[in-house]
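Working notes, beginning with the structure itself.
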Amino acid sequence: MAASLSEKAPEPPNGAAPSSNADSAEKKETVSREPSPPALNKLDSKVVQQQQDDADTDPFQNMPEREAKILRDQVYTPDIKVGMATLYRYSSRNDIIIIVISSICAIASGAALPLMTVVFGNLQGTFQNYFIPGSTVTYDEFMSELGSMCLYFVYLAIGEFVTSYIATVGFIYTGEHISAKIREHYLESCMKQNIGFFDKLGAGEVTTRITADTNLIQDGLSEKVGLTLTAVATFVAAFVIGFVSYWKLTLILMSTVVALLLVMGSGSRFIVKYSKQNIGAYAAGGSIAEEVISSVRNAVAFGTQDRLAKQYDAHLIKAEFYGFKLKSTLGCMVAGMMLVLYLNYGLAFYMGSVYLVDGSVTLSKVLIVMMSVMMGAFNLGNVAPNVQAFTTALGAAAKIYSTIDRRSPIDPSQDDGVKLEHVTGTIRLEGIKHIYPSRPEVVVMDDVTLEVPAGKTTALVGASGSGKSTIIGLVERFYAPIEGTVYLDDVDISTMNLRWLRQQIALVSQEPTLFGTTIYENIRHGLIGTKWEGESPERQKELIEDAARKANAHDFITSLPEGYATNVGERGFLLSGGQKQRIAIARAVVSDPKILLLDEATSALDTKSEGVVQAALEVASAGRTTITIAHRLSTIKDAHNIVVMSQGRIVEQGTHDVLLEKRGAYYNLVTAQAIAAVNEMSAEEEAALNEEEEQALIRKASTQDKNDVPEDPDDDINAKLQRHKSSKSVSSVALAGRPSEAPKKYGLWVLIKLIGSFNKQEWKLMLIGLFFSAICGLGNPTQAVFFAKLISALSIPVTPETKDYIEDEASFWCLMYLMLAFVMFIAFACQGIVFAKCSERLIHRVRDKSFRSMLRQDVEYFDLDEHSAGALTSFLSTETTHVAGLSGSTLGTLIMVCSTLVAACTVALALGWKLALVCIATMPVVIGCGFFRFWMLAHYQRRSKRAYSGSASFASEAITAIRTVASLTREEDVLRQYKESLAIQQRASLISVAKSSLLYAASQSLMFLAFALGFWYGGQLIGKREYDMFQFFVVFSSVIFGAQSAGSVFSFAPDMGKAAEASRELKTLFDRKPTIDTWSTDGDNVQAIEGTIEFRDVHFRYPTRPEQPVLRGLDLHISPGQYVALVGASGCGKSTTIALLERFYDPLSGGIFIDGKEVSSLNINEYRSFIALVSQEPTLYQGTIKENILLGAPHDVTDEQIDHACKEANIYEFILSLPDGMNTVVGSKGALLSGGQKQRIAIARALIRDPKILLLDEATSALDSESEHVVQAALDKAAKGRTTIAVAHRLSTIQKADIIYVFDQGRIVEQGTHSELMKKNGRYAELVNLQSLEKHS
């Protein structure tokens, strides 16, 4: 990229340069006026210009229109505009009927709530009439009226229960049903897409869409719709009732709605603003965390954990600042709502008393208006959070519908196209030019013409990337070539029916993909779409067993405990590589295909399995057109035609003998491989080695009880392979010696103590917060007294004598309301702000400590899948915030609830114990209603996420293995299974929703029953003249309303369940002490290192892949100051050697010695400070070049030292030529520099430590040839006078090494200098020849 950009913008001649370029041009001039250094420094010194990565830039713009169109069709996705109606695109007629009924019910259940106020007001009127001096109402009349009024409450309760139940179940059911339809259509559409589409999106993206995005859509279609309708209906009904009762007062009280909207609106504006800033500040920190964790080996090797954690902490401080603003705004908003609430009471009673004295309204009407207005106003607030769910649902739907509506250029589901009557099986490629749509800049095949005769075997050989696998992709028609045609029996395959074509072809790929079902079913997939698909099960069983025999698999399958019914686990996880591969071969040959494609079918296997699989392949390919790609040439010498490819062209072809006579590329490959084969282990030797390794490990682990080491039920072909013991037991013995990480169980008290410890410094603040919380709780009982005083004052009949007294009383108690309003405002605001401070401090400290604890772990920890960079960064961002749920604010909530309840009961019992006891009996119900309402809503959220995880993993398995699905034409089969699993889940979830909605509906309706009981019993006491109105209303409102408010407080409390879960994970993380602990100070001190390195009989396996032996008895000796190179095929243990030297891992047995001391006995941080590592992918962090170089320094360094390190690394001049010099910002992961420039900065970072041992792990492999020269020169300079160990892929880079060690399968097979090894003409020579083949094409 660097080169091509600079060609477009030639440097203007000096002087004529436009001012912007002038200074840089002059700098370049000044640099080159010095005595000119060798041309090397000039290479790779172009500044990388940032490409504008706009969505509109077309990656195919530099191509001819016709080619660009072919590629664009393969990746283009339409943009879809989605409205609310589009979401319901897949609803059936039944769905729409259910939605309509549910909507009516939702509206009805919303309108029922304000009706309660009418009953309440009328009851007060009944009481008042009874008490008026000289009223004629008898006790019986009073009781019958009271009874009928209380019955209204019961009716309301029943109506509310039924309607809210129907609405909830209806909306959740249709939401599930419609989103399941969307999921089906989405997967169906994915199954139709061409492979290029997945290359561009990545299987991960596709699976997140089917899991996360469909959940978001379901969220916007389900119970939220009903809740919104209910809230709106309540609002409307409340005001209708208010205006009907007395319009003037209602109009005046409308002001509360305006006030509430103002409080919520302005509050949420600030909340949105601060939350954006908070997220922004944290995102910057999160990206640092992500950079560090994804390159954790680098941080560990350079010992920079502490400095990087400080950088992270700097962002956390910013995030804490904004988070505090955010949470205190939230607290003030709640306080504002409380203020409005109590002011509303005062206003209503004051204006009401004015109208009442006028005689224009009765007290019962005043109550009705006041309560309904409040109910309506507060329900308006319930709409806002749901609106957000709808907008996210629309956003998610746009992504999903764009895939559903995509027309695939290569669609296997279509039925048109030619189907040949009789297939001979001749394949011919003519003038093929191919470019992968995901990599438009690389031409993979250029003008290839190849004839594959029917019934014969054609083999393709060549270096990787030479276009061998592309041929197979084109024959299967996974891609369309840009030029040229592929013919089958002289018919262009692009005119054929795609599914029919793929049914004629069987593919066995390098990584065999099995599906998570039984072995029998896996092989049966090969029969899909063939004439045997509909055969009787008996006949199919014959075919399947026959195919398994051909594939050498029948014996080992029958020896498994469940035989063919054995489940292979997800992606065939439970079988060894060779077993999976043989099942894949059986699946390929079961349908007796005309054409067999073998894509390096044996390359991923070890020597033992390879022989067996190879034999199976030879049987399978007899008499079919076979195209085979081979890595090991010995496996293809019997092929009828061998095609040697290099860089997308055919170099030579012919039979084995013809090609050998030619003495060309093929000859070189064969001779090298043949000589190397002499040094290779035979299966017997390998078994002996395994046996030996096993003995050693058993000795080492003999402290363990032997019985807990499982025997492995691997193959029963042991006899054939002379394997004495199963190969897995070795590692299981060694790893059994390691303590396994069992999840510890922590009690709630331990977790609360853990969280408390983070807030220890704030204990004074916490006490203040808790004090204010208690005051907040006392608001309700206090206002009950005011309420009752006002009612008893206002229910005195108005006469000229009483008028003044009523007005005085009313104004006094209304002013008391005003006072209460401000006290509550201050109390709520204070506790909100105090707890905001505490919880933000808590989150900050938790994040900081979590990040440091993560960086403390050894590399082994990060190898586990569940500790990938993504998982850990999301843990840092989300889990840590959940912890706040167990912090002070929750405690405050609980104290608020307690103080409300205690005060309410005390007041009530003091004033009227009989009624108080009856009301207190209903308390648990009322509080339960409040709590369960919120708990159920949260439960619906969680349930919808969990319910679909099963089918989602099935879908993602199918999508990840899309090539296998396509080549087996399994698309319809996958869809059928997916639909079935969705249907099962829908049925299950419908039952669970039907049950759980009962609880929700009950929580909505039981309130009314508690009201009814209170009024009925209180009315009896009033009827008997035991209580007056003041007593009744104090007791009733303090207990019932108190309980109501206590129940609703739960909605403000963060989720405690999540908090407990999160703190459990944190505790586990903090308590995990790694074997190789960078925090520990034990181990001998290291003053100086000579640099003698010795490996003595080292055995090693990666803890995550215990079945794969990596090092098997490695012996190495390196003297101080030597330049040693490690070479070998990939996966032979070269990089592992370097990882062990850095002590990322400890070997299973054997030892690594530095200057005669075992590495594990030294202090880890001091030991690492003598070593520097330059790895394949240079890792730079955000910041300036200087900061990045300084990360390597274990102590303070001068600027001269930095300059010296940069000169040594051949990067000094380049840095000077940049406008900002050393202070140039490198961008995220060093994105603003080219690969070579980054690598040289990484070398400078390594050299600034002045290391005694320099480790180079394929330091130049990721570079183009121009940068490689520069970097190589820098490395050669750097290696002088140090012990250097280089792992090399390109052998030309290490010809000067003092000694070269050649690795094979975890041990050293050859050693010597370049010329000595070339004379031997062994494994090393083979590697050299292989590489020269790539070059000379």
Side-chain angles (χ1 to χ4, degrees), residues 80-107 109-110 164-189 208-233 382-405 936-949 951-952 955 978-979 982-983 985-994 996-997 1000:
I80 306 280
K81 288 273 170 287
V82 178
M84 237 10 219
T86 336
L87 282 182
Y88 288 98
R89 181 159 123 185
Y90 293 115
S91 47
S92 60
R93 205 181 66 212
N94 288 357
D95 289 338
I96 292 173
I97 295 171
I98 294 176
I99 288 176
V100 171
I101 294 174
S102 304
S103 305
I104 293 168
C105 284
I107 292 169
S109 89
S164 65
Y165 182 72
I166 292 178
T168 320
V169 175
F171 275 113
I172 291 184
Y173 169 75
T174 51
E176 290 227 324
H177 197 220
I178 295 171
S179 60
K181 274 275 186 297
I182 293 177
R183 287 184 167 99
E184 279 172 27
H185 280 277
Y186 180 69
L187 185 64
E188 181 176 2
S189 170
T208 27
R209 286 187 190 176
I210 208 161
T211 46
D213 290 357
T214 42
N215 278 344
L216 291 175
I217 293 181
Q218 186 174 332
D219 224 21
L221 293 176
S222 301
E223 75 278 356
K224 298 256 166 74
V225 185
L227 292 175
T228 312
L229 284 174
T230 305
V232 172
N382 285 349
V383 180
N386 297 339
V387 172
Q388 200 188 354
F390 301 141
T391 48
T392 41
L394 289 175
K399 275 191 198 163
I400 285 189
Y401 281 139
S402 69
T403 306
I404 292 183
D405 294 344
M936 286 314 302
L937 290 179
H939 165 80
Y940 291 140
Q941 289 259 300
R942 287 194 301 270
R943 195 198 52 78
S944 66
K945 281 203 177 62
R946 268 202 320 265
Y948 287 97
S949 57
S951 61
Y978 185 61
K979 279 183 184 159
L982 280 183
Q985 275 161 359
Q986 270 181 311
R987 229 167 294 140
S989 70
L990 182 63
I991 293 167
S992 89
V993 167
S996 57
S997 297
Y1000 177 67

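Every side-chain contact (heavy atoms from CB on, under 4.5 Å) that Ser996 has, sequence neighbours left out, goes to Met936, His939, Tyr940. Taking the side-chain contact (heavy atoms from CB on, under 4.5 Å) definition, one finds that Ala389 meets it with Lys224, sequence neighbours left out. In this structure Lys399 satisfies the salt bridge (Lys or Arg N to Asp or Glu O under 4.0 Å) test together with Asp213, sequence neighbours excluded. Here Val383 pairs with Thr228, Ala231, Val232, Val387 under the side-chain contact (heavy atoms from CB on, under 4.5 Å) rule; sequence neighbours left out. Judged as a side chain to side chain donor-acceptor pair (under 3.5 Å), and not counting sequence neighbours, Ser103 has no contacts. Taking Ser91 as the reference, nothing meets the side chain to side chain donor-acceptor pair (under 3.5 Å) condition, with sequence neighbours excluded. Residues meeting the side chain to side chain donor-acceptor pair (under 3.5 Å) test with Ser164, sequence neighbours left out: none. Scanning for side chain to side chain donor-acceptor pair (under 3.5 Å) contacts around Tyr1000 gives Gln1004, with sequence neighbours left out. In this view, Ser92 and Asn94, Asp95, His177 satisfy the side-chain contact (heavy atoms from CB on, under 4.5 Å) rule, not counting sequence neighbours. Taking the ring-ring contact (aromatic ring centres under 6.0 Å, His included) definition, one finds that Phe390 meets it with nothing, sequence neighbours left out. Tyr186 pairs by the ring-ring contact (aromatic ring centres under 6.0 Å, His included) definition with nothing, not counting sequence neighbours.
Across every non-hydrogen atom of Ala393 and Leu216, the tightest pair is CB-O, 3.6 Å. Ser102 approaches Gly170 most closely through the heavy-atom pair OG-CA, 3.3 Å. Contact between Gly226 and Ala106 at its shortest, heavy atoms only, is O-CB, 3.8 Å. Contact record, Leu87 with Ala397: CD2-CB, 3.5 Å, taken as the closest heavy-atom pair. The two atoms that bring Met84 and Gly220 nearest to each other are CE-O, 4.4 Å, heavy atoms only.
A side-chain N or O of Thr403 and one of Arg209 form a donor-acceptor pair less than 3.5 Å apart. A donor-acceptor contact under 3.5 angstrom links the side chains of Glu176 and Ser989, judged on distance only.
Note that CD1 of Ile178 and OG1 of Thr214 are 14.0 Å apart. Values are rounded to the nearest 0.5 Å. Considering CD1 of Ile101 and CD1 of Ile96, their distance stands at 12.5 Å, rounded to 0.5 Å. Atom CD1 of Ile400 sits about 12.5 Å away from atom CD1 of Ile80, to the nearest 0.5 Å. Taking NZ of Lys181 as the reference point, atom CG of Leu982 lies at 9.5 Å (rounded to 0.5 Å). Here Ser109 contributes atom OG and Ile104 contributes atom CD1; the two are 12.5 Å apart, rounded to the nearest 0.5 Å. In this structure, Ser189 OG and Asp405 CG are separated by 8.0 Å, a value rounded to the nearest 0.5 Å.
With Phe171 as reference, Ile99 is the one residue of Ile99, Ile166, Leu221, Leu227 to meet the side chain to side chain contact (heavy atoms under 4.5 Å, CB included) rule.
Ile217 places a side-chain heavy atom less than 4.5 Å from the side chain of Ile182. No side-chain heavy atom of Val993 sits under 4.5 Å from any side-chain heavy atom of Tyr173. Within the 4.5 Å cutoff, the side chain of Tyr165 has heavy atoms near those of the Ser997 side chain. In this structure, Thr230 and Glu223 have side chains that are not in contact, with every pair of non-hydrogen atoms separated by 4.5 Å or more.
Thr86 places a side-chain N or O within donor-acceptor distance of the main-chain N or O of Gly83, the cut-off being under 3.5 Å.
Using cut-offs of 30° and 60° on the angle between ring planes, the pair Tyr90 and Tyr401 is tilted.
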